Amino acid sequence: MPAEVSSASPSPALTERQEARRRRILHASAQLASRGGFDAVQMREVAESSQVALGTLYRYFPSKVHLLVATMQAQLEHMHGTLRKKPPQGATAAERVAETLMRAFRALQREPHLADAMVRALTFADRSVSPEVDQVSRQTTMIILDAMGLEDPTPQQLSAVRVIEHTWHSALITWLSGRASIAQVKIDIETVCRLIDLTAPEEPARRR
């Protein structure tokens, strides 16, 4: 999940009614995925559960992959709100980011079928899903920068954020496939977050 911002033109703003419909669709997608994973998310069932016409659903999300990547963005947005209410308490930026990402990881751990469905969708995503993937990337970047306490990161710091995002995504995949324990995920996250200390701008030398 790279942290670059897409150069594509933004989508037209939704009306309040359209936004409410979109939220219903994403909620239905998450509910179905929570119960049965990727295969349980069928577009017709999502349309029925969210009380929209199938054609309307496809106008919002052209495919199941589009829908599940957008679902991940919505889940991350919800996590971000939760994290802002209870910010990480680490003494350093690296500790705060590691704590934040582990809290997000544990939230996904509580819904393994949903996590698997969303990560599989990200893995399957092609160029047509770039706007949705970019939204996931931007949301993840904002979560990390908030934990760092940064509003204006340097290029080196953004590079570190990208590597951290890639590692977190990879850790999700290896955990979901049973190739990594929670303990190993924690070690990997804490290790990669040390890049933050390495990319911190040096303070100017004090005049004597």
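Owing to the predicted nature of the structure, the values given are computational and were not obtained by experimental measurement. Along the sequence shown, the residues carry numbers beginning at 1.
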Between Glu190 and Lys186 (salt bridge meaning N to carboxylate O under 4.0 Å), is one present in this structure?
yes
In terms of heavy-atom contacts, Arg44 and Leu54 come closest through NH2-CD2, 3.5 Å
Scanning both residues in full, the closest heavy-atom pair of Val52 with Arg21 reads CG1-CG, 3.3 Å
Rounded to the nearest 0.5 angstrom, the OG-CE distance for Ser29 and Met43 is 8.5 Å
### Residues Arg120 and Thr123: side-chain donor-acceptor under 3.5 angstrom
no
Side-chain touch Leu57/Ile25, heavy atoms, less than 4.5 angstrom: yes
Residue pairs passing the ring pair (Phe, Tyr, Trp, His ring centres under 6.0 Å) test with at least one member in residues 106-151, sequence neighbours excluded, are Phe38-Phe124
Exercise. Passes side chain to side chain contact (heavy atoms under 4.5 Å, CB included), Leu198 versus Leu195? Steps please.
Worked result: CA-CA 5 Å; Leu198 297 177; Leu195 284 174; 4.2 Å; yes
Under a 4.5 Å cut-off applied to non-hydrogen side-chain atoms, are Gln184 and Asp188 in contact?
yes
Separation between CD (Gln73) and CG (Leu68), nearest 0.5 Å, reads 13.5 Å
Closest non-hydrogen contact found for Phe105 with Ala171 is CE1-O, 4.3 Å
To the nearest 0.5 Å, atom CG of Leu176 lies from atom CD1 of Ile173 at 8.0 Å
One should read off an interatomic distance between Glu95 CD and Arg194 CZ, to the nearest 0.5 angstrom, of 10.0 Å
Quiz prompt | Contact check, side chains of Glu151 and Leu145, non-hydrogen atoms, under 4.5 Å | solution = no
Take atom NE2 of His27 as the centre, draw a 6.0 Å sphere, and report whether it contains more than 12 heavy atoms from other residues, nucleotides or ligands.
no
| request: Report yes or no: do Glu77 and Gln139 form a side-chain donor-acceptor pair below 3.5 Å? | output: no
Query raised in the report: With no hydrogens and no angle check, is any side-chain donor or acceptor of Glu99 less than 3.5 Å from a backbone partner on Gln89?
Result: yes
Subject >> Heavy-atom check, side chain of His169 versus side chain of Val119, under 4.5 Å >> reply: yes
**Q.** Pair Arg17-Thr15, side-chain donor/acceptor within less than 3.5 Å
**A.** no
Closest heavy-atom pair, Ala180 versus Trp175, reported as atoms and distance to 0.1 Å, is O-CD1, 3.5 Å
Less than 4.5 Å apart, side chain to side chain, heavy atoms only: is that true for Asp146 and Leu83?
no
Backbone N or O of Asp39 within a donor-acceptor pair of the Gln42 side chain at under 3.5 Å?
yes
| field | Polar contact flag, side-chain donor to acceptor under 3.5 angstrom, Thr100-Arg103 | value | no
Interatomic distance, CD1@Ile196 vs CE@Met148, rounded to 0.5 Å, equals 4.5 Å
- request: Using distance alone, with no hydrogens and no angle criterion, decide if Ser49 and Gln31 have a side-chain donor and acceptor under 3.5 Å apart.
  value: no
Smallest heavy-atom separation, Ala117 atom then Gly37 atom, equals CB-C, 3.8 Å
Between the CG atom in Leu122 and the CD atom in Glu132, the distance rounded to the nearest 0.5 Å is 10.5 Å
Whether the side chain of Thr191 engages the backbone of Ile187 through a donor-acceptor N/O pair (distance < 3.5 Å, no angle test) should be reported.
yes
With the side chain counted from C-beta on, respond yes when Phe61 and Arg22 share a heavy-atom pair under 4.5 Å apart, and no when they do not. yes
Expected output: side-chain Arg24 to main-chain Ser50 donor-acceptor under 3.5 Å: yes
Heavy atoms of Cys193 and Ile164 approach each other most closely as CA-CD1, 4.2 Å
* Flag yes if Met142 and Met79 sit in one hydrophobic cluster, no otherwise; membership is Ile, Leu, Val, Met, Phe, Trp, Tyr, and two members link when side-chain heavy atoms are under 4.5 Å apart. => no
Keeping His66 on the side-chain end and Ser128 on the backbone end, is there a donor-acceptor pair under 3.5 Å? yes
Is the shortest side-chain heavy-atom distance between Val161 and Glu165 below 4.5 Å?
yes
Mind checking whether Leu114 and Leu108 have side chains closer than 4.5 Å, heavy atoms only? no
